[in-house]
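Everything on this sheet refers to the single structure shown next.
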2 protein chains.
Amino acid sequence: MRRMTARPANAHQARLLRLLRDGGPNSRAQLGDRVDLSRSKLAVEVDRLLETGLVVADGLAASRGGRRSHNIRLAPQLRFLGVDIGATSIDVAVTNAELEILGHINQPMDVRDGPVAVFEQVLSMAAKLKASGLAEGFDGAGIGVPGPVRFPEGVPVAPPIMPGWDGFPVREALSQDLGCPVMVDNDVNLMAMGEQHAGVARSVGDFLCVKIGTGIGCGIVVGGEVHRGTTGSAGDIGHILAVPDGRPCACGNRGCLEAHFSGAALARDAKDAAQQGLSAELASRLETNGTLTAVDVAAAAAAGDATALDLIREGGNRTGQVIAGLVSFFNPGLVVIGGGVTGLGHTLLAAIRTQVYRQSLPLATNNLPIVLGELGPTAGVIGAARLISDHLFSPA
Amino acid sequence: MRRMTARPANAHQARLLRLLRDGGPNSRAQLGDRVDLSRSKLAVEVDRLLETGLVVADGLAASRGGRRSHNIRLAPQLRFLGVDIGATSIDVAVTNAELEILGHINQPMDVRDGPVAVFEQVLSMAAKLKASGLAEGFDGAGIGVPGPVRFPEGVPVAPPIMPGWDGFPVREALSQDLGCPVMVDNDVNLMAMGEQHAGVARSVGDFLCVKIGTGIGCGIVVGGEVHRGTTGSAGDIGHILAVPDGRPCACGNRGCLEAHFSGAALARDAKDAAQQGLSAELASRLETNGTLTAVDVAAAAAAGDATALDLIREGGNRTGQVIAGLVSFFNPGLVVIGGGVTGLGHTLLAAIRTQVYRQSLPLATNNLPIVLGELGPTAGVIGAARLISDHLFSPA
DNA sequence: CAACTTTCTCCACTCACAGGACAAAGAAGG
DNA sequence: CCTTCTTTGTCCTGTGAGTGGAGAAAGTTG
């Protein structure tokens, strides 16, 4: 079938498309209340959008005491693909134009296998979603990668944990393979956009979104827009100094936050503790699985294991210290904690909160919520869909 | 005489006023090149501006191979007042509409005397500038205060070093006293705006401006706009943890950056060193003046005093460590170092650079200039003038 | 003095948009 | 069933913003 070819012709149409995306179906009258246009002008633009096929009128809404209104909604066959490439797994999801997830697949993977192998897997996952009847094709795709991206070109730059990806034309390659427009961003930025669109950060203008997974990153939203920095590396807080003369880090320095707390560091510390006989719980898990991950630590902590709790608390303190500095600097209205390690839950959050509330300025922390992300593993793919829809729902 | 009463009627006029402010006098044709308008429309808007008196046509420019152009410039009698309130002194300056400084006064003062006493002094300084014939009145004033400000209302909030100023209606009071529109901001933000307008940060979209004076603060510019944060305390980096379990700070915590390096901390450390007999140079200065300030340390360092140099280097290292974290987080295109302590010059800058280049990500530091501010003590007042002119040169 | 440039003005035409009149469609009440 | 009121959507005209071309004004160059 024919995919979305048209783009909004002007800012009004773009505005209307975003309103329909974020607010669901609406009558012309309801749209008129939210947009600063006369009824006549609005009708013209809606008609033009109907002509392009980007929106459709389906059926009449219930009467609100007068003539029944026509429901205007985004074309129901529109499909966006959201791809979230992590260090060790891939998430792929299909959404409709309202960015609701219609299907979602997660598969293990190793980014270090390089872009070619990873893309093959992404394409097969996308094909599987298509085959299940959720989409006949994609009108656009957003993709997040775990490293800095030159945003305008959609190309990763100098990604530390992604050897082989440096300079790979992700946007162009994926766009060719999928046959639709593609936008690329850092995975952390997409998580922030996801939480902004459908999660805890709705209606917050300035916020930070800290993602603790294999590494640590931070999405920065200023005035509703993601801040990517001069070279696309903004938010790369994993290598901020957390412990003077601390542990050696892969980056060559010592005491980086990531060397002291992250999925990888936690797994290593848990293994050490198990081998030193500090925790029977962890030791038995190590013996069973042959290795330990953050999930094991979470489980041990949930079971009340003191060592596991200590590790989490210690890591939360480190992370909280760094976040405290960022809060003083940036003065956000909200801090969201997300990523794989959020399984550590309340213990982690409490440690982070303690540090931030203790160390940052009262003025900056007085009304500052520090909360877990609401969307879990879907934040990234929703953010990815949002990224491409923002692009497509803007004037051509 | 009658002051500026008119405001630009639309975005085009505002754009033109800012072009004339930043680019100096221009012909209609030159303006047409910089603004996306047809010659006819441009002529209409320029004519309207001429009618309001905001701009004037004075004389003909030299020919560029054809008919000579009329020079269009901002009304020459327009005057802005820039006020920069520091912890220990006040700077007041008059500028023309192009934000060129026509007169500048600096006087010692203590913010802790409270807003009433300080305003009295500001008004007498403004009167002195008027009396010298530089201005017959002011069309607008910008004022910077050394603490967080609720920007929309122009009111300081919970300023640690300014007891008595909390909630004082600075904007309203000064506006009444001066009889012109007033805008209030944090002094550090104004310094950033000053360097952006006329200093080293011209044409840089994202940059940080670290001001080291009595305290330490940081102006944050994102996409050309100052980021003030949710409660107006963004950039308050003086209380970021620099030394775990370090020196007690006035804020109640330990190890804050400001407790280890700032004008106040440097003076204290220098005094300690002098009294412990570590430096003859500093000791003799202490005896002569009865006290020591950052200026003494700068002079001693310039004279080759090893203790003074050590103090500066140590402070620069601490500051550099904190800035390194901010650079990783924010990924700016430029870092400007300014404030009273810049008299410490190259030694300080070298220490900061070393830490940042060593600790931040290569991607973030590869093309990152770290430089001293270009405007010195005038950055604040220029920024203040810029603040109010941005306000006045925007659609009413 | 002729030919060419640059600057500025004038005018007619287009298009975006507002807002009123009105038609369509339903609810509420007698 | 009919009248009245409300809500929704359409049509039409007037206004003002903006474009682009023609041409006048005022230079330079050879």
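Proteins get letters first, then strands, A, B, ... in listed order; numbering begins at 1 in each.
Contact record, B:Leu50 with B:Val55: CD2-O, 3.5 Å, taken as the closest heavy-atom pair. Between A:Arg18 and A:Phe393, the closest heavy-atom pair is NE-O, 3.1 Å.
If you take NE2 of A:His70 and P of C:dA24, they are 13 Å apart, rounded to a whole angstrom. If you take CG of A:Asn71 and C1' of D:dG9, they are 14 Å apart, rounded to a whole angstrom. If you measure from atom CG of B:Asp47 to atom C1' of C:dC8, you get 10 Å, rounded to the nearest angstrom.
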Could you go over nucleotides 16-19 of chain C and give all protein N or O partners under 3.5 Å, atom names and distances?
{"residue": "C:dC17", "atom": "OP1", "partner": "A:His12", "partner atom": "NE2", "Å": "2.9"}
{"residue": "C:dC17", "atom": "OP2", "partner": "A:His12", "partner atom": "NE2", "Å": "3.4"}
{"residue": "C:dC17", "atom": "OP2", "partner": "A:Lys41", "partner atom": "NZ", "Å": "2.8"}
{"residue": "C:dA18", "atom": "OP2", "partner": "A:Ser38", "partner atom": "N", "Å": "2.8"}
{"residue": "C:dA18", "atom": "OP2", "partner": "A:Ser38", "partner atom": "OG", "Å": "2.8"}
{"residue": "C:dG19", "atom": "N7", "partner": "A:Ser40", "partner atom": "OG", "Å": "3.0"}
{"residue": "C:dG19", "atom": "O6", "partner": "A:Ser40", "partner atom": "OG", "Å": "2.5"}

Are there any protein N/O atoms within less than 3.5 Å of an N/O atom in nucleotides 25-30 of chain C, and if so, which ones and at what distance?
{"residue": "C:dA25", "atom": "N3", "partner": "A:Arg67", "partner atom": "N", "Å": "3.3"}

- Message: As a quick check of understanding, evaluate salt bridge (charged side-chain N to carboxylate O under 4.0 Å, His left out) for B:Asp390 and B:Arg21, giving each step before the final call.
- Response: CA-CA 10 Å; B:Asp390 271 354; B:Arg21 178 191 68 185; 2.8 Å; yes
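Under the side-chain contact (heavy atoms from CB on, under 4.5 Å) rule, A:Arg7 has a single partner from A:Leu54, A:Leu17, A:Thr52, A:Leu392, which is A:Leu392.
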Mind listing the side-chain donor-acceptor pairs of residues 67-76 of chain B below 3.5 Å, one per line with the distance, residues two or more places apart or on another chain?
{"residue": "B:Arg68", "atom": "NE", "partner": "B:Ala61", "partner atom": "O", "Å": "3.1"}
{"residue": "B:Arg73", "atom": "NE", "partner": "B:Asp58", "partner atom": "OD2", "Å": "3.3"}

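Applying the side chain to side chain contact (heavy atoms under 4.5 Å, CB included) rule to B:Val149 yields the partners B:Val145, B:Val184; only residues at least two apart in sequence or on another chain are considered. Here A:Thr95 pairs with nothing under the side chain to side chain donor-acceptor pair (under 3.5 Å) rule; sequence neighbours left out.
Side chains of B:Asn96 and B:Gln77: no donor on one and acceptor on the other come within 3.5 Å.
A salt bridge is defined here as a Lys NZ or Arg NE, NH1 or NH2 lying under 4.0 Å from an Asp or Glu carboxylate O, and B:Arg48 with B:Glu51 fails to meet this definition. A salt bridge does not link B:Arg228 with A:Asp206: every distance from a Lys NZ or Arg NE/NH1/NH2 to an Asp or Glu carboxylate oxygen is 4.0 Å or more.
Of all the residues in residues 24-35 of chain B, B:Arg28, B:Ala29 reach under 4.0 Å from DNA chain C with at least one non-hydrogen atom.
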